[in-house]
Student: 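Structure below; questions to follow.
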Amino acid sequence: MPDTERIWTKEEIMGLGATTDLVTAGQILGKGRTTSYKLAKRGEFPVEAERLGGEWFVRVYDLLRYLRML
């Protein structure tokens with residue numbers, strides 16, 4: 001099963017820590033790598049994504065709120 005089809009549990013998402021990378025956040029939301037980067041660059045990723053250095057990060061709390069898991 002491709003990662004984009006995996007269903008993440010609340011416990012698995014919380015286990016990622018305070019932040020996660022954009023690709024993992026995209027997988028949690030059912031989006032592929034390329035789509036995730038395109039959306040983030042346009043400011044259209046479903047949750048706020050921040051670029052620090054050369055990497056994109058997403059707050060796990062924001063993912064959980066978006067998924068209504070909190």
Side-chain angles (χ1 to χ4, degrees):
M1 172 183 295
D3 286 338
T4 55
E5 295 179 21
R6 176 179 173 197
I7 297 174
W8 289 68
T9 65
K10 178 180 178 179
E11 291 75 24
E12 289 173 319
I13 298 169
M14 290 177 73
L16 295 172
T19 62
T20 190
D21 62 276
L22 184 68
V23 174
T24 301
Q27 289 172 352
I28 291 168
L29 298 174
K31 302 192 182 311
R33 176 186 185 91
T34 302
T35 300
S36 295
Y37 279 107
K38 284 181 182 179
L39 291 171
K41 288 176 184 175
R42 293 192 307 233
E44 297 174 3
F45 196 74
V47 295
E48 183 179 352
E50 295 184 33
R51 192 167 186 165
L52 301 171
E55 301 292 323
W56 287 92
F57 294 93
V58 173
R59 288 182 204 87
V60 169
Y61 178 81
D62 293 344
L63 280 173
L64 291 169
R65 284 194 54 204
Y66 179 81
L67 294 169
R68 298 178 185 215
M69 291 183 162
L70 287 179

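All residue numbers refer to positions in the sequence shown, counting from 1. The model shown is predicted, which means the values in this text are computed figures rather than measured ones.
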Student: If the condition is side-chain contact (heavy atoms from CB on, under 4.5 Å), which residues does Y37 pass it with, not counting sequence neighbours?
Tutor: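 Y37: side-chain contact (heavy atoms from CB on, under 4.5 Å) contacts with L22, V23, R33, W56.
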
Student: Quick check: closest heavy atoms across S36 and G26, and the distance to 0.1 Å?
Tutor: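 Closest approach of S36 to G26: OG-CA, 3.3 Å.
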
Student: Looking only at atom types and distance, does a side-chain atom of E12 sit under 3.5 Å from a main-chain N or O of T9, one as donor and one as acceptor?
Tutor: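 Side chain of E12 to backbone of T9: a pair is present.
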
Student: Under 4.5 Å between side-chain heavy atoms, hopping through other hydrophobics if needed: is there a path connecting V58 to I13?
Tutor: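 V58 clusters together with I13.
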
Student: Taking T20 for its side chain and L16 for its backbone only, find out whether a donor-acceptor pair lies under 3.5 Å.
Tutor: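 It does not hold such a pair.
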
Student: Hey, what do you get for CD (Q27) to CG (D21), rounding to the nearest 0.5 Å?
Tutor: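 So the CD of Q27 and the CG of D21 are separated by 7.5 Å.
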
Student: Output side-chain donor-acceptor pairs under 3.5 Å for residues 60-70, partner residues at least two apart or in another chain, one line each.
Tutor:
from : atom 1 : to  : atom 2 : distance (Å)
D62  : OD2    : R59 : NH1    : 3.1

Student: So, taking the atom named CD1 in I28 and the one named CH2 in W8, what distance separates them when rounded to the nearest 0.5 Å?
Tutor: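 Atom-to-atom, I28:CD1 and W8:CH2 are 4.5 Å apart.
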
